[in-house]
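Because the structure is predicted, anything quoted here is derived from the model rather than measured.
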Amino acid sequence: MLEISDLPLVNACLNTVSASFLVAGYINIRKRRISAHRACMLGAVASSILFLTTYLIYHFYHGSTPFTGEGWTRYVYFTILISHTILATAIVPMVVLTLRHALTGRFERHAPLARWTLPIWLYVSVTGVLVYLMLYHWQG
């Protein structure tokens, strides 16, 4: 049975899964494997929705966890956290719009938007894992 205290690790794993799907989806679209690309991107959406759900549950019950690191790690942590938070807010509507264009077959709109959505989404997923690692396993 999962405890609330397990959710940060679950979230980091879901971010890792999402990032993996994003990279695989990118590779597949570059190789013109449309079905595999679609499956990977839907996997990225599903893992990101699960992440957001468990993230909100965790913060509803637990609140925030303060970073206790000192020195240069504190500056690195907050630089990553601030950029991650801003881009995490921006990526949600971008993903929704990019997905909508793909699902409605408007690929002339999907592709240009996806060129922006993918790197931002990947950055948010990877920095989410870095924030977890720094917050729970590397407090210098």
Side-chain angles (χ1 to χ4, degrees):
M1 180 80 156
L2 277 177
E3 302 283 332
I4 292 297
S5 62
D6 297 326
L7 291 182
L9 175 59
V10 170
N11 291 339
C13 291
L14 288 168
N15 269 325
T16 302
V17 168
S18 181
S20 300
F21 274 129
L22 291 170
V23 170
Y26 176 77
I27 291 167
N28 280 307
I29 200 62
R30 299 301 297 166
K31 293 183 177 186
R32 307 272 188 231
R33 297 178 187 154
I34 306 301
S35 296
H37 169 73
R38 182 182 305 116
C40 289
M41 299 317 285
L42 289 173
V45 168
S47 58
S48 291
I49 289 170
L50 284 172
F51 161 80
L52 184 57
T53 302
T54 58
Y55 176 87
L56 292 173
I57 290 168
Y58 176 75
H59 285 283
F60 178 79
Y61 287 104
H62 181 270
S64 61
T65 302
F67 183 73
T68 59
E70 297 177 3
W72 67 271
T73 58
R74 192 166 186 79
Y75 295 108
V76 171
Y77 173 79
F78 282 108
T79 299
I80 292 170
L81 180 64
I82 290 167
S83 64
H84 169 84
T85 303
I86 292 167
L87 291 173
T89 303
I91 198 60
V92 173
M94 291 177 75
V95 168
V96 170
L97 191 56
T98 304
L99 181 63
R100 189 174 116 214
H101 289 323
L103 294 176
T104 57
R106 294 190 313 220
F107 299 110
E108 73 285 351
R109 290 187 173 178
H110 168 78
L113 184 55
R115 286 186 185 96
W116 286 92
T117 304
L118 174 68
I120 295 170
W121 192 359
L122 188 56
Y123 178 85
V124 168
S125 294
V126 170
T127 55
V129 176
L130 290 176
V131 166
Y132 164 78
L133 290 172
M134 292 186 78
L135 194 56
Y136 294 96
H137 297 288
W138 179 37
Q139 296 199 11

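Nearest heavy atoms, Cys40 versus Ala24: SG-CB, 3.7 Å.
When side chains are defined from C-beta on, Leu42 counts as touching Leu99, because their heavy atoms get closer than 4.5 Å. Looking only at side-chain heavy atoms (C-beta outward), Tyr136 and Thr65 come within less than 4.5 Å of each other. Side-chain contact between Val10 and Phe51 is absent, with no heavy-atom pair separated by less than 4.5 Å. With contacts defined as side-chain heavy-atom distances shorter than 4.5 Å, the pair Val95/Trp121 qualifies.
One finds the CG atom of Leu130 at 9.0 Å from the CH2 atom of Trp138 (value rounded to the nearest 0.5 Å). Atom OG1 of residue Thr117 and atom CG of residue Leu97 lie 7.5 Å apart, to the nearest 0.5 angstrom. Atoms CG and OG1, on Leu2 and Thr54 in that order, are 9.5 Å from each other to the nearest 0.5 Å. In this structure, His37 NE2 and Tyr26 OH are separated by 11.5 Å, a value rounded to the nearest 0.5 Å. For the atom pair Thr85 OG1 and Ile82 CD1, the distance stands at 7.5 Å (nearest 0.5 Å). For the atom pair Met94 CE and Leu87 CG, the distance stands at 9.0 Å (nearest 0.5 Å).
The same ILVMFWY cluster, assembled from side-chain heavy atoms under 4.5 Å apart, contains both Leu7 and Leu14. Criterion: ILVMFWY side-chain heavy atoms under 4.5 Å apart, direct or through other members. Under it, Leu9 and Leu52 are part of a common hydrophobic cluster. Tyr77 and Tyr75 are not part of a single hydrophobic cluster, where members link through side-chain heavy atoms under 4.5 Å apart. By the rule that hydrophobic residues join a cluster once side-chain heavy atoms approach within less than 4.5 Å of another member, Ile91 and Leu103 end up as members of one cluster. Connection of Val126 to Ile86 is not established within any shared hydrophobic cluster, with ILVMFWY side chains joined at heavy-atom distances below 4.5 Å, either directly or through further cluster members.
Judged purely by atom type and a 3.5 angstrom limit, Thr53 uses its side chain to pair as donor or acceptor with the backbone of Ile49. Side chain of Arg74 to main chain of Gly69: a donor-acceptor pair is present (N/O by atom type, distance under 3.5 Å, no hydrogens or angles). Remark: side-chain polar atoms of His84 are paired, donor with acceptor, to backbone N or O of Val124 under 3.5 angstrom.
For the residue pair Tyr123 and Ser83, a side-chain donor N or O sits within less than 3.5 Å of a side-chain acceptor on the partner. For the residue pair Arg106/His101, the side-chain donor-acceptor check at 3.5 Å is satisfied. For the 3.5 Å distance criterion, the side chains of Ser64 and Tyr58 fail to qualify, holding no donor opposite an acceptor.
Shown here are the side-chain contact (heavy atoms from CB on, under 4.5 Å) partners of Val129, two or more places apart in sequence or in another chain: Asn15, Thr16, Leu133. Checked against side-chain contact (heavy atoms from CB on, under 4.5 Å), Ala114 has the following partners two or more places apart in sequence or in another chain: Thr98, His110.
For Arg100, the CZ atom counts as loosely surrounded, since its 6.0 Å shell holds 12 or fewer non-hydrogen atoms of other residues, nucleotides or ligands.
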> Is there a side-chain contact (heavy atoms from CB on, under 4.5 Å) between Leu22 and Met41 once you walk through the steps?
Replying inline: CA-CA 6 Å; Leu22 291 170; Met41 299 317 285; 3.5 Å; yes

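Relative orientation of the Phe67 and Phe78 rings is perpendicular, given thresholds of 30° and 60° on the angle between their planes.
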